[in-house]
Protein chains: 2
Amino acid sequence: MKNRLPLKGVTILEFSQYLSGPSAGLRLADFGARVIKIERPETGDAGRKLAIKNMWAGSDSLLFNTINRNKESAVADLKNEDDRLFIQALIKKADVITHNFRPGVMEKYGLGYNEVKKINASIIYASISGYGNTGPWKNLPGQDLLLQAVSGLAYTTGNHSDAPVPFGLSIGDYMAGSHLAQGILAALIRRHKTKQPALIEVSLLESILDFQFELLTTFYANGIQPKRSEISNGNPLLAPPYGIYKTKDGYIAIAMTNLDVLAHALDCDAILLYEQEHVFIQRDAIKKLLADHLATHITTYWLEKLHRQKIWAIQVLNWKQLRAEEAYKGLKTEQHVELNNGGSFITTRCPVKINGEYLFSAAKAPALGEHNQKIKQEINSTIKKIKSIA
Amino acid sequence: MKNRLPLKGVTILEFSQYLSGPSAGLRLADFGARVIKIERPETGDAGRKLAIKNMWAGSDSLLFNTINRNKESAVADLKNEDDRLFIQALIKKADVITHNFRPGVMEKYGLGYNEVKKINASIIYASISGYGNTGPWKNLPGQDLLLQAVSGLAYTTGNHSDAPVPFGLSIGDYMAGSHLAQGILAALIRRHKTKQPALIEVSLLESILDFQFELLTTFYANGIQPKRSEISNGNPLLAPPYGIYKTKDGYIAIAMTNLDVLAHALDCDAILLYEQEHVFIQRDAIKKLLADHLATHITTYWLEKLHRQKIWAIQVLNWKQLRAEEAYKGLKTEQHVELNNGGSFITTRCPVKINGEYLFSAAKAPALGEHNQKIKQEINSTIKKIKSIA
């Protein structure tokens, strides 16, 4: 491997659980960091027991294995004096701490930023909350669907007569994890120059708002809550044809193009009655026309016509169809990861390619407390030092 | 300001246009980097003329101003010898280059990674493609809706009888920009230790696949293309009630909870006929029941009952409603940004908080070529040096 992974030598203590915080840890682990999950006795990261579709991989959920591959696990009871010493010693040797507890929880255990800074004066302390650490919503449950609901996001998707449509995956968790990773990486760069510690804070709500920055800026400017189009909504602010349409044998996506060009490409004279100038106002009528027209032939028939005019259009695929494509296989986005029970499972790899190499890692998710002994041996002298001072 | 911004002293040359690459530049600019857009004469970044809802801010679109605030602009004609010298000198002094052209375009101008490395041996060269730089799809248009269509994403959202539903915003562009920023930051850390250059590559397709990593891993394990629920789909793999429901006066989101607890909280005995064990298989019937029940009273009536049982539920808000909330105002996510015509507009700020401070920046987007003179003066001696060697 040509690559020295960029975060080689960086140690992260992950007090985080479920998806948001651990997804940041996963990215940083793939970048070469050593990520040690700090888990409570007996149950550990609550994500271990959160299965989707009742899918398990040994005693932990497949979901947990997916999010926590390539990490270590140390169990600590924060109410036990010996374990607290253990954690203090770990903090002394660590570069980064992450957590996604509700505001006040880490402080209750004496592990707030100010306390941790006293143990390690150059620590990078990174936290994810649901709604920010202050204000009237700070104690609400930071659950992804709820954040989609209050952030206005659900009004961007689906058609006008639909109820607000949530994204079918955990966008807030994923975004906040992604932003946390950015903040941690930036803080590591800053520390190289200043030796200073840093507090990095993100929230699911602020992350989902940032994700909507284009649409929100338009809303701030004109004050108009955008209306989703009546059919084939692809973006509430974009003119037709932008959207997905049914054909005789499947679905087709068509992005932005000039109406005249589109009408000629598709032999759809009815569209010519509309003027490009009024295209946004008349989008529902135009889209309806287009939908009726596209339903009369199969996808490849239309794609051939659209591509001949260089119009941006493509077939809609589900995962089975995608997985059969040569283009997908060539990207090598799948990788095998080990399991504690000796088996393995397939998951996606890190999406970032460095120096022409994909960052694969077959390293498994840890069993609860799997690395306690190893880690204790490593930091034994630090534990003794703390004890002798106390 | 307590903060020394983490990327102070880092210079980024942004050959990128539209959203994906420039959104990475925006984040890094907010982190303190100096981002110089390198634009073609006369038209510049094609995003300057891409307006949504025909909204402009001076001669550039509001969209361009949103994505490119806090940057500088230098115009260069890559076919002109003097301009090529100018770019070479800039590359010598820069830390990072980004671009999101189709594969081969930068190489055509002698600005591929291998050429640029000869000019600056420690450059970080970061690119975004649509579908990866090799394979049968590499020359397809890397447009967001098309990537949503082929990546299977559109089959996660909406209800079973709907056509595939695209997200109403540019998720692929945004994600790829976010991953590119992560890769650049990681490479900067690596360079501190190794002095080595780095090539960072991401694609919209790989980024959207990574975003789906939880659901895809489940699909790889069981081979089953998940079915969206017939009503109130919130995630195709999650059991009821997970979803958004209509009430007498609005909409309510309810996340995961035990059926018994839910039935008692809502006085909905009919739900008790279903067993927790079979809840996923019978989700459509349960959701239908629940939908009929919730339609009979207003949102606050239900929320009071649900919250009394600590069930994760919340009202669904649009942007107008959200903006009126104290919790929203307290987060101070809005900021005023200058315009070239003397006015200003409101946009969102960086979602990452550092050392308790929000990263605000009122700095405007540059006029096309606004900083040519200033930058040329700065690098004049470098230009002369290159000339004398040549």
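Just so we're on the same page: letters track the sequence lines, and every chain starts at 1.
Proximity to chain B (any heavy atom under 4.5 Å) is shown, for Tyr245(A), by neither the backbone nor the side chain. In this structure, the portions of Asn222(A) lying under 4.5 Å from any heavy atom of chain B include both its backbone and its side chain. Within the 4.5 angstrom heavy-atom criterion, atoms from both the backbone and the side chain of Leu145(A) approach chain B. For a residue to count as touching a neighbouring chain, one of its non-hydrogen atoms must lie under 4.5 Å from one of that chain's; by this rule Lys246(A) does not touch chain B. The contact between Tyr113(A) and chain B is made entirely by side chain atoms (from C-beta outward), counting heavy-atom distances below 4.5 Å. Heavy atoms of Tyr174(A) lying under 4.5 Å from chain B belong exclusively to its side chain. Residue Leu19(A) touches chain B through its side chain alone, counting heavy-atom pairs closer than 4.5 Å. For Glu325(A), the part lying near chain B is the side chain, with the backbone staying farther off; criterion is any non-hydrogen pair under 4.5 Å. With a 4.5 angstrom heavy-atom cutoff, Ala154(A) touches chain B only via side-chain atoms. Of the atoms belonging to Leu26(B), it is side-chain heavy atoms, and not backbone ones, that fall under 4.5 Å from chain A. For a residue to count as touching a neighbouring chain, one of its non-hydrogen atoms must lie under 4.5 Å from one of that chain's; by this rule Arg323(A) touches chain B with the side chain only. Proximity to chain B (any heavy atom under 4.5 Å) is restricted, for His192(A), to the side chain, taken from C-beta onward. Interface remark: Ala313(A) contributes backbone atoms only to the contact with chain B (heavy atom separation under 4.5 Å). Looking at Thr194(A), only its side chain comes within 4.5 Å of chain B, counting heavy atoms on both sides. Contacts of Tyr131(A) with chain B are made by both backbone and side-chain atoms, with heavy-atom separations under 4.5 Å.
For the pair Glu206(B) and Lys353(A), the salt-bridge criterion is not met [side-chain N within less than 4.0 Å of a carboxylate O]. Between Arg27(B) and Asp210(A) there is a salt bridge, since a side-chain N of the basic residue sits under 4.0 Å from a carboxylate O of the acidic one.
The most heavy-atom pairs under 4.5 Å with chain B, out of Glu326(A), Gln196(A), Met175(A), Gln321(A), come from Met175(A). Of the residues considered (Leu238(A), Leu237(A), Ile254(A), Thr333(A)), Leu237(A) shows the highest number of contacts with chain B, using heavy-atom pairs under 4.5 Å. Residue with the most contacts toward chain B among Leu169(A), Thr348(A), Leu180(A), Val202(A): Leu169(A) (heavy-atom pairs, distance under 4.5 Å).
The backbone N or O of Leu199(B) lies less than 3.5 Å from a partner atom in the side chain of Asn355(A), making a donor-acceptor pair.
Residues Lys193(A) and Arg4(B) have side chains in contact (heavy-atom distance under 4.5 Å, counting atoms from C-beta outward). A 4.5 Å side-chain heavy-atom check between Phe167(B) and Asn235(A) finds every atom pair outside the cut-off. A heavy-atom distance below 4.5 Å is found between the side chains of Ile189(A) and Ile189(B).
Residues forming a ring pair (Phe, Tyr, Trp, His ring centres under 6.0 Å) with Phe219(B) (at least two apart in sequence, or on another chain): Trp319(A).
Between Leu185(A) and Gln182(B), the shortest heavy-atom contact is CD1-O, 3.6 Å.
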